[in-house]
Visitor: 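First, the structure itself, so that you have it in front of you.
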Amino acid sequence: MTLIMKPDLEHARGWSDVFTDAMPEMPVRDWSAPGDKADIEFAFVWAPEPGALREFPNLKCIFSIGAGVDHLLKDPDLPDGVPIVRMVEPELTQGMSEYVTMHVLRYHREVPALEQQQRDKVWHELIAPTAPSRKVGILGFGVLGQDCARVLHALKFDLASWSRTPKQVDGVQSFHGADGLDPFLARTEILVCLLPLTAETEGILNRDLFAKLPRGAALINAGRGGHQVEADILEALDNGQLSGATLDVFRTEPLPTDSPFWTHPKVTLTPHIASVTQQVSAIEQVVANIRRVQSGEAPLNTVDRKLGY
Ligand code: NAP
Ligand code: GLV
């Protein structure tokens with residue numbers, strides 16, 4: 001009964017101490033010194049090398065450090081039948097709602113234009129409508145999308161969601177599936193992407209989709225870089241179809257220094273920090289799930305490998 005950790009993200013170092021405090025009876029090994037691989041029953045990882053997880057013959061559960069598991073599922077040799085648990089923890093959810101709300105309010109209150117006016121020393125009363133007249137659409141309405149909606153609903157934004165299956169959430173008009181996408185886009189002035197990256201959603205943020213938004217809509221992408229056709233975003237910004245884009249994720253991360261996104265006047269760029277998994281509350285979820293597995297129950301928040309999320 002041992003857990004192995006591969007916290008290969010800058011913010012995930014030092015987690016083994018937190019885990020040991022929460023579950024002292026469970027030995028923890030570092031990825032670099034796995035010892036006898038037959039001892040390992042649980043793995044807590046971000047992006048192990050393809051094929052590496054299959055080398056643990058007694059693995060009972062794989063825990064993803066992140067909510068998104070696209071990088072894990074890229075491994076063609078994942079051990080069959082071992083459940084993969086994605087990260088669902090309250091601090092990660094809170095962080096995303098803060099990020100999305102901040103950027104929705106920024107576009108809603110026309111902050112980029114006001115900042116430009118300040119740089120140009122222009123005194124012009126740029127008056128935004130109030131939130132009930134602002135249509136925000138959330139692509140991907142799972143754990144993160146729904147919590148963002150909860151906060152935006154409290155501010156009285158006019159909200160809609162798009163998901164694979166229909167939803168019933170107070171104050172949010174639900175659209176779903178391929179047929180629901182166009183009417184969802186047609187009414188969305190600020191588009192927030194919180195989709196998982198799957199075969200179906202890869203490249204979804206493209207020219208065709210932007211063309212279905214009202215002219216001058218704003219984009220906030222905190223999903224994955226693989227959702228973006230990056231040349232199409234630049235084109236839509238330059239031709240005015242998009243008025244601004246807040247991008248937390250990119251096809252290549254870290255973003256190369258020669259990327260035009262760094263200096264584009266209509267882009268707000270953050271280095272994949274929209275929300276990060278927080279140690280203590282994340283480990284609480286992992287320990288609770290390990291206890292479930294040990295008592296013969298299925299773990300919570302497992303990934304459907306066929307759907308890819
Ligand atoms: P989740 O709970 O699994 O929700 C995913 C949502 O996407 C669900 O509503 C799902 O529909 C919808 N969806 C999936 N495939 C779809 C499709 N083909 N068409 C329409 N809707 C589809 O995931 P989450 O916890 O909210 O996280 C979402 C993503 O956020 C993660 O996968 C990750 O990539 C990203 N993320 C980014 C950061 C960051 O810092 N930038 C941090 C955390 C997470 P159903 O509800 O019908 O299943
Ligand atoms: C971060 O991007 C995550 O998926 O949790």
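This chain uses plain numbering: 1 for the first residue, then up along the sequence. The analysis underlying the following values was restricted to heavy atoms, covering all of them including side chains, and did not include hydrogens, waters or symmetry mates. Owing to the predicted nature of the structure, the values given are computational and were not obtained by experimental measurement. Every number for a ligand or one of its atoms is a count from 1 in the order of the listing.
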Visitor: To which of G95, P196, G226, G140 does the heavy atom nearest atom 5 (C) of ligand 1 belong?
Guide: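 Result: the heavy atom closest to atom 5 (C) of ligand 1 is in P196.
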Visitor: Using the rule ring-ring contact (aromatic ring centres under 6.0 Å, His included), only one of W15, W46, F56 pairs with W31; which is it?
Guide: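 Output: one option passes, namely F56.
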Visitor: Check E202 with R251, please: is the shortest side-chain N to carboxylate O separation under 4.0 Å?
Guide: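 Result for this pair is yes, salt bridge flagged.
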Visitor: Within the supplied structure, the quantity of interest is the number of heavy atoms (other residues, nucleotides, ligands) at a distance under 6.0 Å from R109 CZ; does it exceed 12?
Guide: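 It does not: R109 CZ has 12 such atoms or fewer within range.
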Visitor: List every atom of ligand 1 that sits less than 4.0 Å from any heavy atom of R86, numbering the atoms from 1 in the order shown and giving each element.
Guide: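 In order of number, 1 (P), 2 (O), 3 (O), 23 (O), 24 (P), 25 (O).
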Visitor: Could you check whether any heavy atom of H272 sits closer than 4.0 Å to an atom of ligand 2, since that is the contact criterion I want to use?
Guide: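 For ligand 2, residue contact (heavy atoms, under 4.0 Å) with H272 is present.
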Visitor: With a cut-off of 6.0 Å (strictly less than), are more than 12 heavy atoms of other residues, nucleotides or ligands near NZ of K60?
Guide: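 Counting neighbours around NZ of K60, 12 or fewer heavy atoms of other residues, nucleotides or ligands fall under 6.0 Å, so no.
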Visitor: For ligand 1, which atoms have a heavy atom of A222 less than 4.0 angstrom away?
Guide: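 Per the distance check, 35 (C), 36 (N), 37 (C), 38 (C), 39 (C), 41 (N).
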Visitor: Does an N or O from A67, backbone or side chain, lie closer than 3.5 Å to an N or O of ligand 2?
Guide: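 A67 vs ligand 2: N/O contact under 3.5 Å present.
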Visitor: Tell me which one of Y309, F184, F141, F175 gets a heavy atom nearest to atom 15 (N) of ligand 1.
Guide: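 It is Y309 whose heavy atom sits nearest to atom 15 (N) of ligand 1.
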Visitor: Hey, which atoms in ligand 2 end up nearer than 4.0 Å to a heavy atom of R224?
Guide: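 Once the distances to R224 are compared, the set is 1 (C), 2 (O), 3 (C), 4 (O).
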Visitor: If I compare all heavy atoms of I62 with all of P79, which pair ends up nearest, and what's the gap?
Guide: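 Between these two residues, the closest heavy atoms are CD1-CG, 4.2 Å.
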Visitor: Indicate, as side chain, backbone, both or neither, the part of R164 found under 4.0 angstrom from ligand 1 when only non-hydrogen atoms are considered.
Guide: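 It is both parts that get close, each with some atom under 4.0 Å.
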Visitor: Can you list the ligand 1 atoms lying under 4.0 Å from a non-hydrogen atom of T165?
Guide: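 In order of numbering, the contacting atoms are 45 (P), 46 (O), 47 (O).
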Visitor: Closest by any non-hydrogen atom to atom 22 (C) of ligand 1: pick that one out of V303, L195, T201.
Guide: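 The option holding the nearest heavy atom is L195.
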Visitor: Near G68, which atoms of ligand 2 are under 4.0 Å from a heavy atom of that residue?
Guide: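 Matching atoms, with element in brackets: 3 (C), 4 (O).
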Visitor: Is R54 salt-bridged to D75, cutoff N-O under 4.0 Å?
Guide: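 Looking at D75 together with R54, the answer is no, because their closest N to O distance does not fall below 4.0 Å.
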Visitor: Any idea which protein heavy atom is nearest atom 19 (N) of ligand 1, and the distance to it?
Guide: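 Of every protein heavy atom, W162 CH2, 3.3 Å lies nearest to atom 19 (N) of ligand 1.
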Visitor: Taking E235 first and then R207, would you say they form a salt bridge - that is, a charged N and a carboxylate O separated by under 4.0 Å?
Guide: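 Between R207 and E235 there is a salt bridge, with a charged N closer than 4.0 Å to a carboxylate O.
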Visitor: Could you check whether atom CG of D120 has more than 12 heavy atoms from other residues, nucleotides or ligands sitting under 6.0 Å from it?
Guide: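 Enclosed.
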Visitor: Which heavy atom of the protein is the closest neighbour of atom 43 (C) of ligand 1, given with residue, atom name and distance?
Guide: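 Protein heavy atom at minimum distance: L144 CD1, 3.7 Å.
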Visitor: Check this for me - ligand 1, L197, N or O atoms closer than 3.5 angstrom, yes or no?
Guide: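 The answer is no, given that L197 and ligand 1 share no N or O pair closer than 3.5 Å.
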Visitor: Compare A178, A274, G142, P271 and give the one whose heavy atom is closest to atom 4 (O) of ligand 1.
Guide: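 Looking at heavy atoms only, G142 sits closest to atom 4 (O) of ligand 1.
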Visitor: Suppose I only count heavy atoms of K167 and a 4.0 Å limit; which atoms of ligand 1 are within that range?
Guide: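 Within the 4.0 Å cut-off of K167, ligand 1 contributes 45 (P), 46 (O), 47 (O).
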Visitor: Near L194, which atoms of ligand 1 are under 4.0 Å from a heavy atom of that residue?
Guide: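 Near L194, meaning under 4.0 Å from one of its heavy atoms, ligand 1 has 28 (C), 29 (C).
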Visitor: Quick one about Q294 and R291 (side-chain donor to acceptor, distance below 3.5 Å, no hydrogens or angles considered), yes or no?
Guide: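 R291 vs Q294: no donor-acceptor pair found between side chains.
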Visitor: For the 3.5 Å polar cut-off, considering only N or O atoms, please tell me whether I273 and ligand 1 meet it.
Guide: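 So ligand 1 has no N or O lying under 3.5 Å from an N or O of I273.
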Visitor: Under 4.0 Å between a Lys/Arg side-chain N and an Asp/Glu carboxylate O for K135 and E189?
Guide: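 Salt bridge absent between K135 and E189.
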Visitor: What's the verdict on side chain to side chain donor-acceptor pair (under 3.5 Å) for Y99 and T270, showing C-alpha distance, side-chain angles and the deciding distance?
Guide: CA-CA 10 Å; Y99 183 91; T270 51; 2.7 Å; yes
Visitor: Let me see the working for S243 and Y107 under side chain to side chain donor-acceptor pair (under 3.5 Å), right down to the final yes or no.
Guide: CA-CA 9 Å; S243 58; Y107 288 116; over 6 Å; no
Visitor: Should V69 be counted as touching ligand 1, given the test is an N or O pair under 3.5 Å?
Guide: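 Checking ligand 1 against V69, no N or O pair falls under 3.5 Å apart.
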Visitor: Tell me if the CD atom of E297 is crowded by more than 12 foreign heavy atoms within 6.0 Å.
Guide: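 More than 12 within 6.0 Å, yes.
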Visitor: Nearest protein heavy atom to atom 38 (C) of ligand 1, by residue and atom, and its distance?
Guide: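 Atom 38 (C) of ligand 1 sits closest to the protein heavy atom M96 CE, 3.4 Å.
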Visitor: If we only count N/O pairs under 3.5 Å, is S275 in contact with ligand 1?
Guide: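 Checking ligand 1 against S275, an N or O pair does fall under 3.5 Å apart.
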Visitor: By number and element, which atoms of ligand 1 are closer than 4.0 Å to a non-hydrogen atom of E200?
Guide: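 Under 4.0 Å from E200, ligand 1 has these atoms: 18 (N).
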